[in-house]
Protein chains: 2
Amino acid sequence: MKAEKIPDIIVGRLPIYLRALQRMADNGLKTTSSQELGERVGISAAQIRKDISQFGDFGKQGTGYSIEYLLNKLREILKVDRVWDVVLVGAGDMGHALVNYQGFKNRGFRIAAIFDADKNKVGRKVGEFVIEDAENLVEKVKALDVKVAMLTIPATAAQAVAEKLVQAGVKAILNYAPISLNVPDHVKVQYIDPSTHLQRMTYYL
Amino acid sequence: MKAEKIPDIIVGRLPIYLRALQRMADNGLKTTSSQELGERVGISAAQIRKDISQFGDFGKQGTGYSIEYLLNKLREILKVDRVWDVVLVGAGDMGHALVNYQGFKNRGFRIAAIFDADKNKVGRKVGEFVIEDAENLVEKVKALDVKVAMLTIPATAAQAVAEKLVQAGVKAILNYAPISLNVPDHVKVQYIDPSTHLQRMTYYL
DNA sequence: CCTGACTTGTGTATAATGGCACAAAATGTC
DNA sequence: GACATTTTGTGCCATTATACACAAGTCAGG
């Protein structure tokens with residue numbers, strides 16, 4: 001184990017391992033090997049061993065890894081051994097879908113509030129939440145001390161809202177708006193844009 | 001220009017450039033430079049020049065790139081100078097959100113059909129589409145000659161459906177199900193899993 | 001036409017990433 | 001207890017990706 005700086009590319013693979021391990025645990029499996037895990041996620045066994053060994057000696061020679069133990073370690077490393085409050089900005093179709101999505105439970109996240117700039121939407125309910133006015137975004141997010149946000153708004157509004165989120169102390173933004181965001185280095189952004197993802201594949205067709 | 005094999009990592013950046021250029025064109029801009037584009041998308045100017053130069057000499061020294069020209073070249077390279085039919089499997093909340101999403105237009109994609117395994121949903125309408133029975137998936141997809149699919153179904157069903165899509169000739173799958181898919185090498189998969197994306201960022205919090 | 005400010009495309013250096021192979025440890029069998 | 005099998009963690013090396021730097025081309029202004 002080396003507690004040095006971990007490359008982003010390795011951090012990016014950990015959630016993939018975590019997801020597969022969670023699934024194995026749900027299926028009642030107790031142990032696994034780098035080879036088996038690798039076949040499941042499509043990554044070489046050597047790569048997986050190297051990635052995991054960056055954080056400690058979690059495996060046992062001849063036996064492999066205890067799924068439960070590795071799960072807990074990965075959750076700890078990724079800091080999802082707790083539940084993060086997430087604010088959602090944008091109560092359109094995608095916002096609704098995310099509110100109803102059951103996949104945040106048990107994976108470390110919980111939606112804490114929903115905002116929209118459209119006055120006609122403010123006050124309405126989405127699931128169990130009342131849509132709040134985006135004008136109060138900074139103030140409310142600060143009060144809730146939320147560090148994670150999801151952006152499901154048009155591209156035209158995204159940069160301005162991102163800046164408000166940063167101002168409110170948000171450190172991680174999952175951006176569904178089809179535009180690159182400019183944020184300070186200490187703020188992380190991940191992008192989800194179906195057209196962009198599809199275009200990455202059409203090259204090979 | 002070198003018509004060699006282009007690394008996947010470069011292909012992955014092209015849609016980002018394309019998106020930014022499209023936005024610039026919409027704003028009435030005529031030319032740009034690798035530096036300006038780089039600032040917009042958060043990638044170094046040198047990187048952008050090198051990426052683009054893999055496909056040809058599209059820029060002009062002293063002037064930069066014609067946005068319109070570069071747009072057309074990138075569309076051509078990514079094969080989105082045409083419109084791809086896409087099948088959507090899974091008529092849940094996420095499926096509905098994607099049907100209503102306006103961001104496929106003008107970016108090379110059009111939903112052609114929707115399938116679901118739930119007999120209660122089959123026959124109902126989503127937007128302008130009638131939900132079709134997933135039992136007929138292979139047959140219908142073959143008949144439509146569709147090469148691109150989006151999967152918005154539970155993880156438990158994803159692998160089986162992916163295999164049916166491959167059997168039907170699909171070559172690109174955008175997978176919203178939270179599970180890694182095993183498909184032949186000639187089939188491309190892109191993953192969209194909000195929890196995974198969020199977990200990639202919580203590491204740094 | 002000359003000069004200065006820009007900007008591309010690329011050769012080269014540097015850094016990061018991934019693959020291979022193996023010693024060492026754990027387990028099970030006879 | 002000896003031996004065959006399995007599997008980890010890691011050192012080494014090849015490959016890949018990024019950063020740097022600059023010659024050469026372009027353009028506007030006087």
Side-chain angles (χ1 to χ4, degrees), chain A residues 1-14 16-17 20-21 24 29-74 77 185 200 203, chain B residues 1-17 20-21 24 29-74 77 180 185 200 203:
Chain A
M1 172 187 176
K2 315 145 187 171
E4 299 163 32
K5 285 169 204 159
I6 306 295
D8 189 59
I9 196 163
I10 293 183
V11 174
R13 283 191 291 259
L14 300 184
I16 310 292
Y17 304 157
L21 289 164
M24 291 186 198
L29 297 176
K30 298 299 179 194
T31 63
T32 188
S33 64
S34 58
Q35 174 153 15
E36 185 187 30
L37 182 55
E39 280 163 11
R40 294 223 181 200
V41 301
I43 293 174
S44 81
Q47 182 77 81
I48 289 177
R49 288 202 301 279
K50 212 161 214 180
D51 287 350
I52 292 174
S53 72
Q54 300 294 307
F55 302 95
D57 293 1
F58 302 149
K60 197 187 278 186
Q61 287 159 327
T63 309
Y65 300 92
S66 154
I67 289 175
E68 192 60 30
Y69 184 72
L70 188 52
L71 263 177
N72 286 331
K73 283 297 181 184
L74 286 177
I77 292 161
D185 283 347
R200 246 187 116 135
Y203 174 82
Chain B
M1 172 184 176
K2 314 144 190 173
E4 297 162 34
K5 285 169 203 159
I6 305 296
D8 189 58
I9 195 163
I10 293 183
V11 175
R13 283 191 291 258
L14 300 184
I16 310 292
Y17 304 156
L21 289 164
M24 291 186 198
L29 297 176
K30 297 299 179 194
T31 64
T32 188
S33 64
S34 58
Q35 173 153 16
E36 184 188 30
L37 182 55
E39 280 163 10
R40 293 223 181 199
V41 301
I43 292 174
S44 81
Q47 182 77 82
I48 289 177
R49 287 203 301 279
K50 208 155 219 181
D51 287 350
I52 292 174
S53 72
Q54 301 294 307
F55 302 94
D57 292 2
F58 301 150
K60 195 187 279 184
Q61 287 160 327
T63 309
Y65 301 92
S66 153
I67 290 174
E68 193 60 30
Y69 184 73
L70 188 51
L71 264 177
N72 286 331
K73 284 297 181 183
L74 286 177
I77 292 162
S180 298
D185 283 349
R200 245 187 117 135
Y203 174 81

Length of the [atom1]-[atom2] vector between [X] and [N], whole Å:
X: B:I67; N: C:dT7; atom1: CD1; atom2: P; answer: 13 Å
X: B:L70; N: C:dT8; atom1: CG; atom2: P; answer: 10 Å
X: B:Q35; N: D:dA19; atom1: CD; atom2: P; answer: 15 Å
X: A:D57; N: C:dA23; atom1: CG; atom2: C1'; answer: 15 Å
X: A:I48; N: C:dG19; atom1: CD1; atom2: P; answer: 11 Å
X: A:F58; N: D:dT10; atom1: CZ; atom2: P; answer: 11 Å
X: A:Q54; N: C:dT17; atom1: CD; atom2: P; answer: 11 Å
X: A:D51; N: C:dT17; atom1: CG; atom2: P; answer: 11 Å

Taking every non-hydrogen atom, the tightest pair across B:A20 and B:L37: CB-CD1, 3.8 Å

Any side-chain N or O of [X] less than 4.0 Å from the OP1 or OP2 oxygen of [N]?
X: B:Y65; N: C:dG9; result: yes
X: A:S34; N: D:dT8; result: yes
X: A:S44; N: C:dG19; result: yes
X: B:R49; N: C:dG11; result: no
X: B:Q61; N: D:dA24; result: no

side-chain contact (heavy atoms from CB on, under 4.5 Å) with A:Y65: which of A:K60, A:R49, A:K73?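 With A:Y65 as partner, side-chain contact (heavy atoms from CB on, under 4.5 Å) holds for just one option, A:R49.
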
To the nearest 0.5 Å, what is the distance between CD (A:E36) and CZ (A:R40)? 5.5 Å

Working to the nearest 0.5 angstrom, can you tell me the gap between B:S34 OG and B:I52 CD1?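 Rounded to the nearest 0.5 Å, the OG-CD1 separation comes to 7.5 Å.
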
For A:T63 and for A:R13, find the nucleotide of DNA chain C with the closest heavy atom, then tell me which residue's nucleotide is more 5'.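 It is A:R13 whose nearest nucleotide is closer to the 5' end.
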
State whether a side-chain donor-acceptor pair under 3.5 Å links B:Y17 with B:D51. yes

Under 3.5 Å donor-acceptor pair, B:K60 side-chain atoms to C:dG9 base atoms: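 Such a pair does not exist between side chain and base.
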
On the side chain of B:K50, is there an atom forming a donor-acceptor pair with the base of C:dT12 - under 3.5 Å, no angle test? yes

Mind checking A:I9 for me? I need base, sugar-phosphate or nothing, with any heavy atom below 4.0 Å counting as a touch.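 Sugar-phosphate, backbone atoms only, no base.
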
Nearest-neighbour nucleotide for the B:Q47 side chain, D:dT18, C:dT10, C:dT8 considered: D:dT18

